[in-house]
Amino acid sequence: MEFTASQIASFIDGQIIGDESTVITGVSPIENGESGHLSFIAQDRFSHFLNTSKCSVIIVSEKLIDKVNYNPTLIVVKDAYLSFQVLMNLYQEMQGRKEGIETGSSIHETAVIGEKAYIGAFTYVSEKAKIGEGSQIYPQVYIGKGVKIGKNCKIDSGARIYDYCIIGDNCVIHSNTVVGGDGFGFQPTAEGFKKIPQLGNVIIEDDVEIGSNCSIDRATIGSTIIGKGTKIDNLIQIAHNVKIGQNNVIAAQAGIAGSTTIGDWNQIGGQVGVVGHIKIGNQVKIQAQSGVNSSVNDKETLYGSPAISYNDYLRNYVHFRNFTEIVKRINNLEDISKDKTNE
């Protein structure tokens with residue numbers, strides 16, 4: 001696709017400095033700009049590229065403009081990062097959406113497929129499943145019995161949605177993620193560990209995105225819940241009966257044990273481990289590789305394993321780095337004290 005600087009500016013309400021007829025045929029990172037390409041600058045540390053980039057058009061935050069003439073054509077906006085996101089979303093929409101049912105898919109006669117939905121080849125849709133209008137189910141997806149998928153969802157190839165799970169509108173589930181597998185429930189007996197049936201389901205609310213290779217376990221009884229607007233990275237384990245609130249972000253390789261409740265607007269870093277049966281409040285930040293083993297109040301920032309206050313961790317770490325020297329000083333003081341006692 002080709003766009004002029006003038007057309008691009010009209011999409012994001014930008015002001016042009018330079019040639020408004022400049023044509024764009026692609027996009028580049030600002031560090032590796034190419035002629036005929038578009039990029040953006042939103043931070044001062046990249047502002048030197050305004051004069052050195054080979055990009056033909058650059059979207060730039062107005063706070064970074066300090067002169068009249070620049071080499072590339074500029075589109076000046078209030079926030080270049082947000083404006084570039086708008087353009088990327090528009091471009092994605094222009095790619096079009098697939099519709100229809102491809103050869104090789106298997107759809108049970110009692111399943112309901114909404115209008116303008118797409119079912120890819122070798123996808124299996126079980127009995128009494130419902131797929132909403134405009135949803136995109138890519139090849140080799142398994143949709144279990146009684147599953148409900150809302151409108152305008154995207155389920156990527158290889159994903160598995162087990163029986164009776166519910167997915168809201170505008171959700172994205174990436175490849176090889178399993179929604180609704182059995183929770184890790186076993187009762188120790190004299191003969192060994194006896195499996196506890198996992199009879200619940202998973203409810204994923206609207207506007208949730210789940211990365212690839214995640215496992216979200218069904219509840220033992222009731223529902224495992226992922227709240228509206230929450231974003232989950234790749235390679236994440238969410239155990240049975242976990243309840244996650246709205247607009248959380250959880251980074252890769254985190255694990256949340258069973259029956260834990262997490263509030264709204266939390267940020268959980270990569271490789272964080274959270275024990276079961278605790279409560280994490282709202283607007284909590286948990287730094288990467290932390291281990292959380294007790295409930296957390298609202299607006300706390302934690303670090304370490306077991307996790308403690310982030311500020312306390314930093315203060316303690318200063319002493320930890322000097323621990324060998326501190327021990328030497330203590331030993332010297334003890335030796336001096338012994339010598340004085342012997343005198």
Side-chain angles (χ1 to χ4, degrees), residues 92 97-98 105-106 111 117-126 129-132 134-185 198 200-220 223-258 260 262 266 268-274:
Q92 188 175 49
R97 298 167 66 88
K98 292 185 176 182
S105 59
S106 178
Y118 162 68
I119 309 295
F122 306 110
T123 283
Y124 184 88
V125 182
S126 301
K130 295 182 179 179
I131 296 175
S135 285
Q136 309 276 288
I137 313 298
Y138 280 79
Q140 298 183 334
V141 169
Y142 172 79
I143 307 295
K145 181 179 179 180
V147 166
K148 296 179 181 178
I149 297 174
K151 299 177 181 178
N152 299 314
C153 292
K154 179 184 178 184
I155 314 294
D156 271 324
S157 299
R160 305 289 185 261
I161 315 299
Y162 286 12
D163 295 355
Y164 301 110
C165 291
I166 299 172
I167 298 172
D169 298 337
N170 308 311
C171 292
V172 177
I173 298 176
H174 289 278
S175 293
N176 300 321
T177 280
V178 175
V179 175
D182 280 357
F184 194 62
Q198 305 293 294
N201 71 344
V202 174
I203 297 175
I204 296 174
E205 297 180 351
D206 297 347
D207 305 312
V208 170
E209 182 157 346
I210 300 171
S212 60
N213 297 296
C214 295
S215 293
I216 302 176
D217 294 343
R218 68 175 52 247
T220 305
S223 299
T224 301
I225 299 174
I226 311 297
K228 181 177 180 180
T230 287
K231 313 301 180 186
I232 295 174
D233 200 357
N234 306 321
L235 296 165
I236 286 174
Q237 160 68 19
I238 296 174
H240 56 188
N241 292 94
V242 167
K243 291 178 172 54
I244 297 176
Q246 297 185 8
N247 298 307
N248 293 278
V249 288
I250 305 175
Q253 298 183 359
I256 302 170
T260 283
I262 297 174
N266 297 295
I268 298 176
Q271 297 186 334
V272 164
V274 181

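Quick note: numbers below take in every heavy atom, side chains included, and nothing from hydrogens, waters or symmetry partners. Nothing here was measured: the structure is a model prediction, and the numbers come from that model. We number each residue from 1, following the sequence as shown.
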**OP:** Quick one: do Ile173 and Ile161 satisfy side chain to side chain contact (heavy atoms under 4.5 Å, CB included)? Show the steps, please.
**Re:** CA-CA 10 Å; Ile173 298 176; Ile161 315 299; 3.9 Å; yes
Original post:
Stepwise, does the side chain to side chain contact (heavy atoms under 4.5 Å, CB included) test hold for Ile262 with Lys243?
Top reply: CA-CA 6 Å; Ile262 297 174; Lys243 291 178 172 54; over 6 Å; no
**OP:** Please lay out, stage by stage, how Asp217 and Gln237 fare under the test side chain to side chain donor-acceptor pair (under 3.5 Å).
**Re:** CA-CA 8 Å; Asp217 294 343; Gln237 160 68 19; 3.0 Å; yes
Original post:
Does Phe122 CZ have over 12 foreign heavy atoms under 6.0 Å away?
Top reply: no
Original post:
Do you know which two heavy atoms are closest between Gly258 and Ala239, and how far apart they sit?
Top reply: N-CB, 3.4 Å
Original post:
Which is it for Asn234 and Ser212 under the side chain to side chain donor-acceptor pair (under 3.5 Å) test, yes or no, and what are the steps along the way?
Top reply: CA-CA 5 Å; Asn234 306 321; Ser212 60; 3.2 Å; yes
**OP:** Give the minimum heavy-atom separation between Cys171 and Ile204, together with the two atoms involved.
**Re:** SG-CG2, 4.0 Å
Subject >> Donor-acceptor contact present, side-chain Glu205 to main-chain Lys228, <3.5 Å >> reply: yes
Original post:
Looking at side-chain heavy atoms only, is the closest gap between Thr177 and Ile232 below 4.5 Å?
Top reply: no
Original post:
Should the pair Tyr142 and Tyr124 be assigned to parallel (<30°), tilted (30 to 60°) or perpendicular (>60°) ring geometry?
Top reply: parallel
Subject >> Point-to-point distance, once rounded to the nearest 0.5 Å, from OG of Ser215 to CD1 of Ile210 >> reply: 10.5 Å
Donor-acceptor pairs under 3.5 angstrom involving side-chain atoms of residues 144-157: please list them, not counting sequence neighbours.
residue, atom, partner, partner atom, Å
Asp156, OD2, His174, ND1, 3.1
Ser157, OG, Pro139, O, 3.2

Original post:
When Gln198 is tested against each of Asp182, Thr224, Asn241, Thr220 for side chain to side chain donor-acceptor pair (under 3.5 Å), which residue passes?
Top reply: Thr220
**OP:** Write down the atom of Ala254, the atom of Gly269, and the distance for their closest heavy-atom approach.
**Re:** CB-O, 4.1 Å
Original post:
Shortest non-hydrogen contact from Cys165 to Gly180?
Top reply: SG-CA, 3.7 Å
Subject >> For the student: nearest non-hydrogen atoms of Lys98 and Gln136, plus distance >> reply: O-NE2, 2.8 Å
Original post:
At what distance, to the nearest 0.5 angstrom, does OG1 of Thr230 lie from CG of Asn247?
Top reply: 6.0 Å
Original post:
How long is the span from the CG atom in Asn248 to the CD1 atom in Ile256, to the nearest 0.5 Å?
Top reply: 8.5 Å
**OP:** Could you tell me whether the side chain of Thr123 and the main chain of Val141 form a donor-acceptor pair under 3.5 Å?
**Re:** yes
Original post:
Say you draw a straight line from CG of Asp233 to CD1 of Ile268; how long is it, rounded to the nearest 0.5 Å?
Top reply: 12.0 Å
Subject >> Check: Asp163 main-chain N/O paired with Arg218 side-chain donor or acceptor under 3.5 Å >> reply: yes
Original post:
Does any donor atom in the side chain of Asn170 or Asp206 lie under 3.5 Å from an acceptor atom in the other side chain?
Top reply: no
Subject >> Ile131 CD1 to Ile143 CD1 distance, which is reported to the nearest 0.5 Å >> reply: 5.0 Å
Original post:
Rounded to the nearest 0.5 Å, what separation is found between the CG atom of Asp207 and the CG atom of Asp169?
Top reply: 8.0 Å
Subject >> Ser135 side-chain N/O to Ala117 backbone N/O, donor-acceptor pair under 3.5 Å >> reply: no
